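Step one of this worksheet: look at the structure below.
All residue numbers in this chain count up from 1 along the given sequence. Bear in mind that the values here come from a model prediction, so they are computed numbers and not experimental data.
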Amino acid sequence: MSEAIAHPAAKTAPSSASGRKRRRLNTPTSPRHGASAFFSYLAMAVIFVVFITPLLWLLLAAFDTKATFQTKLPSHWTLDNFSAIMTKDLTFLPLWNSLVLSLSVTVIVVVCSVLAAYPLSRYQSRFNKPFLYSVLFGTCLPISCLMVPVYALFVSMNLLDSTVGTILFMAASSLPMAVWMTKNFMDSVPIELEEAAWVDGASLLRSLRLIVVPLMKPGLAVVSIYVFMGSWGNFFVPYMLLLSPSKQPAAVTIYSFFGLYGTVAYGQLAAFSLIYSLPVVIMYIISNRFLGTYSLAGGVKG
């Protein structure tokens, strides 16, 4: 009888303990309702305001012909700023030059980074770590320190004001970090899948092209966005190596909105900046379909 009486009590003990725990979490003294939550939301609100204010100025100034550096609602909403910049020399040609530079650099870097990361990921060698650390060191060098010898090299090789030469140098400067990132993504692809393809008679390059690269789509999308954004917003390299105004990208020609004696066409600058940011947003939307998928799900069992 004593065992029968003790048994229900043992069952009700955990439920009463969990009930006390739930009541404790819902009390006003919990972090959710306390001072820590208030300061957390306050910090997020401050960060949000800091980030949204320049974007808000950009949107408002683009539709205001009398825009200044202050963020304010336009007294008269108009599209005159967009009409003033929609010319070949001011907008279309620089954007085309930026698109050619950025896409070319992205394609070259992604292809070379895959080929360079494959032996680093698949073959064990005592030179792998020193090589990777050397690559990482190359990403830490400021580009301003390299431009003096690079400029002299371009002059001696007659590559100054050459779009092809600028593309190759921008690709070379973006390659170290891309190789490091691609190698980490390639490490997540099981080598057993390649071994199965080799048994079926596939060559090394064929297995790389048909197995490894498709499974690395999310990682390659990240590398592509990283390289494209870096090339799209690069001002210093094209400014030093491209002399002809017809070859300069939009990152350089945007300074045409800054006049003499500190005068700035704020409305046209804001309108041009909105158009200038659209290709990056479009590329992110296109690449986003690869970022949320895990291609290796179910690829290896056991």
Mutual orientation of the aromatic rings belonging to [X] and [Y] [parallel < 30°, tilted 30-60°, perpendicular > 60°]:
X: Tyr123; Y: Tyr118; value: perpendicular
X: Tyr255; Y: Phe235; value: tilted
X: Trp57; Y: Tyr266; value: perpendicular

Decide if atom [atom1] of [X] counts as having more than 12 heavy atoms of other residues, nucleotides or ligands within a radius under 6.0 Å.
X: Asn158; atom1: CG; result: no
X: Trp198; atom1: CH2; result: yes
X: Tyr239; atom1: OH; result: no
X: Met44; atom1: CE; result: yes
X: Lys66; atom1: NZ; result: no
X: Met229; atom1: CE; result: no

Between [X] and [Y], is there a shared hydrophobic cluster once you connect ILVMFWY residues whose side-chain heavy atoms come closer than 4.5 Å?
X: Ile254; Y: Leu243; answer: yes
X: Met186; Y: Leu204; answer: yes
X: Phe92; Y: Leu278; answer: no
X: Val49; Y: Phe38; answer: no
X: Phe154; Y: Met157; answer: yes

Heavy-atom check, side chain of [X] versus side chain of [Y], under 4.5 Å:
X: Ile108; Y: Met170; value: no
X: Ile211; Y: Arg206; value: no
X: Leu241; Y: Asp161; value: no
X: Lys72; Y: Leu60; value: no
X: Glu194; Y: Arg122; value: yes
X: Ser231; Y: Leu101; value: no
X: Pro249; Y: Val252; value: yes
X: Thr68; Y: Val264; value: no

Is a donor on one side and an acceptor on the other found under 3.5 Å between the side chain of [X] and the backbone of [Y]?
X: Asn81; Y: Ala271; result: no
X: Ser277; Y: Leu274; result: yes
X: Thr53; Y: Val50; result: no
X: Ser121; Y: Ala117; result: no
X: Ser113; Y: Val110; result: yes
X: Ser162; Y: Gly165; result: yes
X: Ser156; Y: Leu153; result: yes
X: Ser98; Y: Ala250; result: yes
X: Asn97; Y: Leu93; result: yes
X: Trp232; Y: Tyr276; result: yes

Intermediate values then yes/no, side chain to side chain contact (heavy atoms under 4.5 Å, CB included), Val223 and Val227
CA-CA 6 Å; Val223 176; Val227 176; 4.2 Å; yes
Could you go step by step and tell me if Met216 and Thr182 meet the side chain to side chain contact (heavy atoms under 4.5 Å, CB included) rule?
CA-CA 9 Å; Met216 287 179 57; Thr182 306; 3.6 Å; yes
Working for side chain to side chain contact (heavy atoms under 4.5 Å, CB included), residues Val105 and Phe228:
CA-CA 7 Å; Val105 170; Phe228 185 87; over 6 Å; no
Separation of [Y] [atom2] from [X] [atom1] (nearest 0.5 Å):
X: Ile52; Y: Leu59; atom1: CD1; atom2: CG; answer: 8.0 Å
X: Ser174; Y: Ile143; atom1: OG; atom2: CD1; answer: 8.5 Å
X: Phe185; Y: Leu215; atom1: CZ; atom2: CG; answer: 14.0 Å
X: Met240; Y: Leu160; atom1: CE; atom2: CG; answer: 9.0 Å
X: Thr106; Y: Leu220; atom1: OG1; atom2: CG; answer: 12.0 Å
X: Leu56; Y: Phe51; atom1: CG; atom2: CZ; answer: 15.0 Å

Closest non-hydrogen atom pair, [X] against [Y]:
X: Ile85; Y: Leu90; value: CA-CD2, 3.8 Å
X: Ala178; Y: Val109; value: CB-CG1, 3.4 Å
X: Pro190; Y: Ser188; value: CD-O, 3.4 Å

Classify the side-chain pair Asp80/Thr78 by whether it contains a donor and acceptor separated by less than 3.5 Å.
yes
Intermediate values then yes/no, side chain to side chain contact (heavy atoms under 4.5 Å, CB included), Leu208 and Leu115:
CA-CA 9 Å; Leu208 174 64; Leu115 296 177; 4.1 Å; yes
Taking the ring of Phe63 and the ring of Phe82, is the distance between their centroids below 6.0 Å?
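Phe82 vs Phe63: aromatic centres under 6.0 Å.
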